[in-house]
Number of protein chains: 2
Amino acid sequence: MVASVFIVDDHYMVIEGIRSILQHEKSIEWAGHASNAASCLAFLKQQQPDVILMDINLPDKSGIDLCKEVKEMYPSVFIIGLSTFNQQSFIQKMMENGASGYVLKNATQEELTEAVTEVMKGKTYLSLEASQALRKNISAEMPVLTRREKEVLELIVDGMTNNEIAQKLFISVTTVDTHRKNLLAKLSAKNTASLVRIATQMHLV
Amino acid sequence: MVASVFIVDDHYMVIEGIRSILQHEKSIEWAGHASNAASCLAFLKQQQPDVILMDINLPDKSGIDLCKEVKEMYPSVFIIGLSTFNQQSFIQKMMENGASGYVLKNATQEELTEAVTEVMKGKTYLSLEASQALRKNISAEMPVLTRREKEVLELIVDGMTNNEIAQKLFISVTTVDTHRKNLLAKLSAKNTASLVRIATQMHLV
DNA sequence: AATTCTATCCCTGAAAAACAGGAGATTTTA
DNA sequence: TAAAATCTCCTGTTTTTCAGGGATAGAATT
């Protein structure tokens, strides 16, 4: 059985690299490529590949969102996340949104082909680094923020004061302050500065 | 004349992609590749290629630093910076450290080969996006921070208060406050939160 | 030699954030 | 349905930041 593989990545060199890696594999067929989410969706209207290798960072929308959309429209297509970083939050969100695997861009030829073949069997493939990142952080950190907390956090990062946030969200300043206190506690930050740094480093905003 | 090209990039897929792109070019010869700065330097002790394609993000040291070192030791080697982002500060630093060109990873085959051939002639090659980024920001923003201001900024981002910073640097709290005010002014930030966000986004810390 | 830049220090007063310690109402979920 | 989570609001106090000045001394530049 031959698996057709499609690639979404905004870097031509990466597309070329993957193509060059996979072309030797007899069990894998090149379905095509897209450099952004829009042309990926356009392609899928015409035909559906078996597997999509999907970069997390796309110019028009995040791979995490695209993954969700594609899986809703074409549930039978397997998606493998692709990125340079093994950030736990990314990997987790990608898997939550229906991805079947996650591979880092420094993966070897063996890893990549194994990922595709395993996923085709309906299994899940996580590269060593990815699964380690997932394991390490699932047990520890990565706090769960509520919808409102995320909302407040983003406005704080945008440089708004409690007062401004309160007006924007039509709630009391004291409420905003409470959310802020909870954010500080959840992210183990002692003040605004560390809160913003932690939030950006964790890619929460 | 045949140009030998060496690549330093920590992503196997990118190396494969570049190799696949350049192998069709008769005027270009593949010298080899390294996935970190250390093995790059080790390779250069044995032989020197004509051109090095060098990623900005390397696991052991930044491409910007590596560029400087290589140019000091082997001034005749041409270096082309390689990265996913067209951040003005990165491009500028790379060029200041002796690079002859800068190419983004979404470059086409034509761009990449042109970059190599132009640089071989002793010319400078900047991809369209790179030169635009350079032009746009050189005229505007990118504030110049003094050594002390950078120091204070880093401690602020680390979540320290003026008081703590003052004790750490053995200066008065009012001095720290002055630096802080200057930072807010220079980065056009209205408070700590936006200061931290801007600093991290500009990769100042 | 004069100017600019940098780093240092000081002041006042207002605004904002951090910290402590509650509590009621609604939604989710087990 | 009962428990847990979430969102909401409150009263205080203390600490930190922000805004607005001004000032001195040394280093670098013109």
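So you know, we letter chains A, B, ... as the sequences are listed, proteins then strands, and number each from 1. All values below come from the heavy atoms of this structure, side chains included, with hydrogens, waters and symmetry mates left out.
Across its full length, the helix from dA1(C)-dT30(D) to dA30(C)-dT1(D) shows an angle of 70° between the axes of its 5 terminal pairs at either end, rounded to 10 degrees.
Atom C1' of nucleotide dA5(D) and atom NE2 of His179(A) are separated by 13 Å, given to the nearest angstrom. The distance between atom CG of Leu183(B) and atom P of dT17(D), rounded to the nearest whole Å, is 13 Å. Atom CG in Asn182(B) sits about 13 Å away from atom P in dC18(D), given to the nearest Å. The interatomic distance linking Glu149(A) (CD) with dT6(D) (P) rounds to 7 Å, in whole Å. Rounded to whole Å, the distance from CG on Asn162(A) to P on dT8(D) is 14 Å. Rounding to whole angstrom units, CG of residue Asn191(A) and P of dC18(D) are separated by 11 Å.
Legend: salt bridge (Lys or Arg N to Asp or Glu O under 4.0 Å) pairs involving residues 98-116 of chain A, not counting sequence neighbours, sorted by first then second residue: Asp9(A)-Lys105(A), Asp55(A)-Lys105(A).
No option in Val157(B), Thr200(B), Ile156(B) other than Ile156(B) meets the side-chain contact (heavy atoms from CB on, under 4.5 Å) test with Leu195(B).
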Considering only nitrogen or oxygen atoms on both sides, find all protein atoms under 3.5 Å from nucleotides 9-15 of chain D and state each distance.
{"unit_1": "dC9(D)", "atom_1": "OP2", "unit_2": "Ser172(A)", "atom_2": "N", "d": "2.6"}
{"unit_1": "dC9(D)", "atom_1": "OP2", "unit_2": "Thr175(A)", "atom_2": "OG1", "d": "2.7"}
{"unit_1": "dC9(D)", "atom_1": "O5'", "unit_2": "Thr175(A)", "atom_2": "OG1", "d": "3.4"}
{"unit_1": "dC9(D)", "atom_1": "N4", "unit_2": "Thr178(A)", "atom_2": "OG1", "d": "3.0"}
{"unit_1": "dC10(D)", "atom_1": "OP2", "unit_2": "Ser172(A)", "atom_2": "OG", "d": "3.2"}

Could you give the side-chain donor-acceptor pairs of residues 35-50 of chain A under 3.5 Å, partners two or more places apart or in another chain?
{"unit_1": "Asn36(A)", "atom_1": "OD1", "unit_2": "Ala38(A)", "atom_2": "N", "d": "3.2"}
{"unit_1": "Asn36(A)", "atom_1": "OD1", "unit_2": "Ser39(A)", "atom_2": "N", "d": "2.8"}
{"unit_1": "Asn36(A)", "atom_1": "OD1", "unit_2": "Ser39(A)", "atom_2": "OG", "d": "2.9"}
{"unit_1": "Ser39(A)", "atom_1": "OG", "unit_2": "Asn36(A)", "atom_2": "O", "d": "3.4"}
{"unit_1": "Gln48(A)", "atom_1": "NE2", "unit_2": "Leu44(A)", "atom_2": "O", "d": "2.5"}
{"unit_1": "Asp50(A)", "atom_1": "OD2", "unit_2": "Ser4(A)", "atom_2": "N", "d": "2.8"}
{"unit_1": "Asp50(A)", "atom_1": "OD2", "unit_2": "Ser4(A)", "atom_2": "OG", "d": "3.4"}

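Side-chain N/O atoms of Tyr102(B) and Ser83(B) include a donor and acceptor closer than 3.5 Å.
Contact footprint of chain B on DNA chain C: nucleotides with an atom under 4.0 Å from a non-hydrogen protein atom, first to last in 5' to 3' order, dT6(C) to dC10(C).
Side-chain atoms of Asn191(A) come within 3.5 Å of backbone N or O of Ala193(A) as a donor-acceptor pair. At least one donor-acceptor pair under 3.5 Å links the side chain of Lys71(A) to the backbone N or O of Val77(A).
Look at Arg148(A) and you'll find a side-chain N or O under 4.0 angstrom from OP1 or OP2 of dT8(D).
Evaluation of the ring-ring contact (aromatic ring centres under 6.0 Å, His included) rule for Tyr12(B) yields no partner, not counting sequence neighbours.
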